[in-house]
Visitor: 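Sharing a structure here in structure tokens format.
Side chains included, hydrogens not; waters and symmetry mates left out as well; all remaining heavy atoms used.
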Amino acid sequence: MTTYKTPKEAIDQLIVSVGKTIVLAAPLGAGKANHLLNELYQRAKTDADIQLTILTALTLQIPSVSSFLEAQFLEPFLKRVFKNYPNLAFEKDRLCNQLPANVNIVEFYYKAGQFTHHPYGQKHYLSSNYTHVARDVFNRGVNVICQQVCRGEIDGQEVFSLSSNPDTSIDLINMLKADSRAFVTIAQTNQDLPFMYGESVVGRDYFDILVDNRDLDYAMFAPPKMSVPDPDYMIGLHASSLIKDDGEIQIGIGSLGDALVYSLALRQDNNDQYKEILRALEINDTSFPVLDKEGAQTRFEKGLFAATEMLVDSFAMLYQKGILKKKVYDSVILQRLLNQGLIEEKFDASIFDTLLEHHAISQHLSASDVDFLKEFGIVKPNVQFVDGTLVLDDGLTLKTDIYQFDRSLVLGDKLRNGAVAHAGFFLGPRAFYDFLKELPVAERKLFRMKRISQINHLYGHEEIDYLQRINGRFINTCMKVSLNGAACSDALEDGNQISGVGGQYNFVSMAHELPGARSILQLRSCRVNAKGKVESNIVFNYGNCTIPRHLRDIVITEYGIADLRSKTDQEVAAQLIQIADSRCQSQLIKQAQAANKLPSDFVLDARFTQNLPERYSSILEQYKQKGLFPAFPQGHDFTDEELRIGAALKNLKALSQSKINFIKFVITAMCAPHNKQHFVDELSRMGLDEPVNLKQRFYQKLLLHALCID
């Protein structure tokens, strides 16, 4: 490995090493080495002989602003939250359709909506299951792997951590080595990254070129928390009733995940009140029979384990609440014995007998037996196997026969190297990164980072996954569900790519393979379109499919739970219509009947004929008055003034969807009297407390009126 102080030196060496045809793979999300990528892109812009292809996903930029009010509100906030994060130069040019002809950007997952109707983005999207990404990147001729890492030390040796992104890099490098293809690994250190363990830890020889300079450290990209609306809380409450103790869970980022975790925390902290809320909302096995077998409302005594491609801040809350506490171990025999209750994490000397009985060790311990026992803390780390004997620190030697030495001399006290979470990458707000960095090392090791092939499918390690992922609940979000049970999560029916497949298909498929596991797809039942009309997200059919109908399982909206597994087309259609918004149900029934999927005399169960927001909002409001269901259940990055301003600007944006309504609002705002003294802090925050020109006076009145009616 050659170390440099500047990206310029490193890119000079990279071009010398691989030439001017560069096919570079960079991690998705926060793991990109932005300074290196910017230097390389600038070279390509000024040297047309460089043929640069960047293969990546989820390219993250500090949001840009357009309107005057948006700039006044966002610019100070963005500076405070994103600090010195450097935007990627190629992304700015790509969004503006200004990439040079010798640069090609290919992504397998977009930030939701970033490239809708964008000509370049739509042409250069690569549709791939997350577990196939390394293969697809390999097939496209990658010869450079570029990543952001952090430095650390283990047992006195300098090591590096891939931190947020061991997800595809390890698999990709193994494929390249097996193919004997020439390639270069280039990295940039950044000590703002949390040092993570598991497969994230690599040695110096992992990299060919390294930029190591503390002056270049920058804040990790930290998307701020968004508020959780009532429909999402309802979806979260329904989903929380399907999570079993002593189980496994996978969830994603966003308000739906936050709502679920808040509900689980309520179930843990105030179980009586949690049950009361479920009763008030009629979330029970009468309304939803699947809860009889698959549901649970009790506190988490054994706890949950997480196997998730994306480690989000919601898992931090689950850990702090004592819910994410079930440890698993990467040993088939130990995990099986734990599952069967034949051993426990805290043990005594009899564990040797149990391990011998189940053929985990030999009576006469071998070197591999000792390594196994030390790895999992069954014997003390100071025990060495030397020339057929056990040697302790003080020089004492023992026979290897487990019946002929004093076990107390070598015995540990509890299992070690367990994990409460396995994850492929992470992304979250600044508080989440601080949480990870501030965890004591022993606790941080409980969040074990792994390659995506170890997380998102079962192949090659089925036995250990079957033991670790009992009562699995794989919870994801989608945009549309058809009455045949197929789901759309990544693109519109006109072909516009919204985000990506990611790992959703992997987890849905896995739920059908693992005993006791269920796939849970969440979506809001409807949306209000640009014309103010309610449109159902449960539709008769849809022109794009992410999850095929034969993998249909559980679907949840704010109105309930549809159990689609092992159901006929008629039963599936009926279940989905039951959880649709009532303003859309009659049309869905007619469409299903016309297609012979429902009988002509079909009558919707009366319990589901009033699926309207007011049905649940009044109940939630009662509990909000008691301090429950806050807008930001896991905190936020906004000041009090910014929350009030944000709500007012959100109302303004909604009004602007209708030109007539917006004009009426503007006229009223210009004419209505306002007491500026009531909003001194808000006006000051927006720089409108003392307007100096007509433009500022106009926006002051607009904002004041929006604040008054909020």
Visitor: Measure the shortest side-chain to side-chain distance between Lys346 and Lys414 over non-hydrogen atoms and say whether it is less than 4.5 angstrom.
Guide: yes

Visitor: Just to verify, what does His358 make a side-chain contact (heavy atoms from CB on, under 4.5 Å) with, not counting sequence neighbours?
Guide: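 Ile333, Leu337, Leu342, Thr354.
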
Visitor: Going by the side-chain hydrogen bond (donor to acceptor under 3.5 Å, both in side chains) test, name the single residue among Asn476, Thr308, Asn456 that passes it with Gln250.
Guide: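 Going through Asn476, Thr308, Asn456 one by one, the side-chain hydrogen bond (donor to acceptor under 3.5 Å, both in side chains) with Gln250 is satisfied by Asn476 alone.
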
Visitor: Would Leu338 and Ile343 count as a side chain to side chain contact (heavy atoms under 4.5 Å, CB included) if you check the C-alpha gap in whole Å, the side-chain angles of each, and the deciding distance to 0.1 Å?
Guide: CA-CA 5 Å; Leu338 283 164; Ile343 62 171; 3.9 Å; yes

Visitor: Could you check whether any side-chain N or O of Asn339 sits under 3.5 Å from a backbone N or O of Leu467, counting only pairs where one atom can act as donor and the other as acceptor?
Guide: yes

Visitor: Hey, does the side chain of Asn213 reach the backbone of Lys5 with a donor-acceptor pair shorter than 3.5 angstrom?
Guide: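 Yes, because the side chain of Asn213 sits within donor-acceptor range (under 3.5 Å) of the backbone of Lys5.
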
Visitor: Side-chain contact, heavy-atom cut-off 4.5 Å: Ser331 with Asn417?
Guide: no

Visitor: Is a salt bridge present between Asp136 and Arg140, judged by a nitrogen-to-oxygen distance below 4.0 Å?
Guide: no

Visitor: Would you call the rings of Phe425 and Tyr130 parallel, tilted or perpendicular, taking 30° and 60° as the class edges?
Guide: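 Judged by the thresholds at 30° and 60°, the geometry between Phe425 and Tyr130 is perpendicular.
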
Visitor: Any donor and acceptor pair, going by atom type alone, linking the side chain of His512 with main-chain N or O of Asp553 inside 3.5 Å?
Guide: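 It does not hold such a pair.
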
Visitor: Check whether any side-chain N or O of Asn84 sits under 3.5 Å from a backbone N or O of Asp217 as a donor-acceptor pair, and report yes or no.
Guide: yes

Visitor: Under 3.5 Å, is there a donor-acceptor pair linking the side chains of Gln634 and Asp258?
Guide: yes

Visitor: Run the salt-bridge test on Arg430 and Asp192 with the 4.0 Å N-O cut-off and return the result as yes or no.
Guide: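 Yes.
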
Visitor: Between Phe447 and His422, does a ring-ring contact (aromatic ring centres under 6.0 Å, His included) hold up when you go through it step by step?
Guide: CA-CA 6 Å; Phe447 295 83; His422 291 164; over 10 Å; no

Visitor: Would you check if Tyr466 and Leu458 make a side-chain contact, meaning some heavy-atom pair closer than 4.5 Å?
Guide: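 Tyr466 vs Leu458: side chains touch.
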
Visitor: Between the main-chain N or O of Val328 and the side-chain N or O of Gln335, is there a donor-acceptor pair closer than 3.5 Å?
Guide: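 Pair absent, no side-chain N/O of Gln335 close to backbone of Val328.
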
Visitor: Listed by chain and number, what are the side chain to side chain donor-acceptor pair (under 3.5 Å) partners of Arg204, not counting sequence neighbours?
Guide: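 Glu158.
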
Visitor: From Ser519 OG over to Leu551 CG, what is the distance, rounded to the nearest 0.5 angstrom?
Guide: 8.0 Å

Visitor: Which class fits the ring pair His461 and His457: parallel under 30°, tilted 30 to 60°, perpendicular over 60°?
Guide: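 His461 and His457: tilted rings.
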
Visitor: Could Lys225 and Phe632 be counted as a cation-pi pair, given that NZ or CZ must be under 6.0 Å from the ring centre and within 45° of the axis?
Guide: no

Visitor: I want to check a possible cation-pi pair here: Arg181 against Phe138, using under 6.0 Å from ring centre and within 45° of the ring axis as the test.
Guide: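 Pair Arg181/Phe138 counts as cation-pi.
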
Visitor: Would Asp245 and Lys302 pass as an ion pair if we require N to O under 4.0 Å?
Guide: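 No, this pair does not count.
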
Visitor: State plainly whether the residues Arg518 and Asp563 are in salt-bridge range, i.e. N to O under 4.0 Å.
Guide: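 Here Arg518 pairs with Asp563 in a salt bridge, since their nearest N and O are under 4.0 Å apart.
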
Visitor: Hey, are the side chains of Leu278 and Gln297 touching, using non-hydrogen atoms and a 4.5 Å cut-off?
Guide: yes

Visitor: With rounding to the nearest 0.5 angstrom, report the CG to CD1 distance, Leu356 to Ile402.
Guide: 4.5 Å

Visitor: Near Lys325 NZ, under 6.0 Å, is it more than 12 heavy atoms from other residues, nucleotides or ligands?
Guide: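 Yes, enclosed.
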
Visitor: Answer whether the closest heavy-atom distance between the side chains of Glu345 and Tyr329 falls below 4.5 Å.
Guide: yes

Visitor: Val133 pairs by side chain to side chain contact (heavy atoms under 4.5 Å, CB included) with which of Val501, Leu172, Thr168?
Guide: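 Exactly one candidate clears the test, Thr168.
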
Visitor: Is the shortest distance from a Lys or Arg side-chain nitrogen in Glu463 or Arg336 to a carboxylate oxygen in the other one below 4.0 Å?
Guide: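 Salt bridge present between Glu463 and Arg336.
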
Visitor: Report the residues that fulfil side chain to side chain donor-acceptor pair (under 3.5 Å) with Arg407, sequence neighbours left out, ordered by chain and then residue number.
Guide: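 Only Asp353 meet the side chain to side chain donor-acceptor pair (under 3.5 Å) criterion with Arg407.
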
Visitor: Just by distance, do the side chain of Thr185 and the backbone of Tyr206 share a donor-acceptor pair under 3.5 Å?
Guide: yes

Visitor: So Phe305 and Ile249, do their side chains get closer than 4.5 Å, heavy atoms only?
Guide: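 With C-beta onward as the side chain, the pair stays apart.
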
Visitor: Could you check whether Asn506 and Thr131, counting side-chain N and O atoms only, form a donor-acceptor pair closer than 3.5 Å?
Guide: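 Present: a donor and an acceptor within the cut-off.
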
Visitor: Kindly determine whether His132 and Phe108 satisfy ring-ring contact (aromatic ring centres under 6.0 Å, His included), including the steps that lead there.
Guide: CA-CA 10 Å; His132 297 157; Phe108 69 89; over 10 Å; no

Visitor: Suppose we screen for salt bridge (charged side-chain N to carboxylate O under 4.0 Å, His left out). Which residues come up paired with Arg444, at least two apart in sequence or across chains?
Guide: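 Partners of Arg444 under the salt bridge (charged side-chain N to carboxylate O under 4.0 Å, His left out) test: none.
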
Visitor: Among His35, Gln148, Gln147, which residue satisfies the side-chain hydrogen bond (donor to acceptor under 3.5 Å, both in side chains) criterion with Gln188?
Guide: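 For Gln188, the side-chain hydrogen bond (donor to acceptor under 3.5 Å, both in side chains) test succeeds with only one of His35, Gln148, Gln147, which is His35.
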
Visitor: Tyr403 and Phe352: aromatic ring centres closer than 6.0 Å?
Guide: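 Judged by ring-centre distance (under 6.0 Å), Tyr403 and Phe352 do not meet the cut-off.
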
Visitor: Who are the ring-ring contact (aromatic ring centres under 6.0 Å, His included) partners of Tyr4, not counting sequence neighbours?
Guide: none

Visitor: Are Arg267 and Asp269 ion-paired here, with the side-chain N under 4.0 Å from a carboxylate O?
Guide: no

Visitor: Which distance, rounded to the nearest 0.5 Å, do you find between the CG of Asp369 and the NZ of Lys374?
Guide: 13.0 Å

Visitor: Assess whether atom CD of Glu443 is packed by more than 12 heavy atoms of other residues, nucleotides or ligands within 6.0 Å.
Guide: yes

Visitor: For the residue pair Leu24 and Leu55, establish whether any side-chain heavy-atom pair is separated by less than 4.5 Å.
Guide: no

Visitor: Please examine the side chains of Leu264 and Ile243, heavy atoms only from C-beta on, and report whether any two atoms are closer than 4.5 Å.
Guide: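 In short, these two side chains touch, coming nearer than 4.5 Å.
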
Visitor: Taking the six-membered ring for Trp and the full ring for Phe, Tyr or His, determine whether the centres of Tyr319 and Phe315 are under 6.0 Å apart.
Guide: no

Visitor: Salt bridge or not between Lys275 and Asp272? Use side-chain N to carboxylate O under 4.0 Å.
Guide: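 Looking at Asp272 together with Lys275, the answer is no, because their closest N to O distance does not fall below 4.0 Å.
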
Visitor: Between Ser240 and Tyr274, does any side-chain donor sit less than 3.5 Å from a side-chain acceptor?
Guide: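 Per modelled atom types, Ser240 and Tyr274 side chains form a pair under 3.5 Å.
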
Visitor: Apply ring-ring contact (aromatic ring centres under 6.0 Å, His included) to the pair Phe507 and Tyr505, showing each step before the final yes or no.
Guide: CA-CA 6 Å; Phe507 282 108; Tyr505 180 91; over 10 Å; no

Visitor: Do Phe426 and Met449 pass the side chain to side chain contact (heavy atoms under 4.5 Å, CB included) test, and can you show the C-alpha distance, the side-chain angles, and the key distance before you say yes or no?
Guide: CA-CA 9 Å; Phe426 61 77; Met449 305 303 293; 3.8 Å; yes

Visitor: Roughly how far, to the nearest 0.5 Å, is the CG atom of Leu237 from the CG atom of Leu260?
Guide: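 Between Leu260 CG and Leu237 CG, I get 9.5 Å after rounding to 0.5 Å.
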
Visitor: What's the verdict on side chain to side chain contact (heavy atoms under 4.5 Å, CB included) for Arg451 and Asn174, showing C-alpha distance, side-chain angles and the deciding distance?
Guide: CA-CA 11 Å; Arg451 69 188 78 184; Asn174 288 343; 3.3 Å; yes

Visitor: Anything under 3.5 Å between a donor and an acceptor, one on a side chain of residues 377-394, the other on a protein residue two or more places apart or in another chain? List them.
Guide:
from   : atom 1 : to     : atom 2 : distance (Å)
Thr389 : OG1    : Val386 : O      : 2.8
Asp394 : OD1    : Leu396 : N      : 3.0

Visitor: Could you tell me whether Arg448 and Glu199 make a salt bridge, using a distance below 4.0 angstrom between a side-chain N and a carboxylate O?
Guide: no

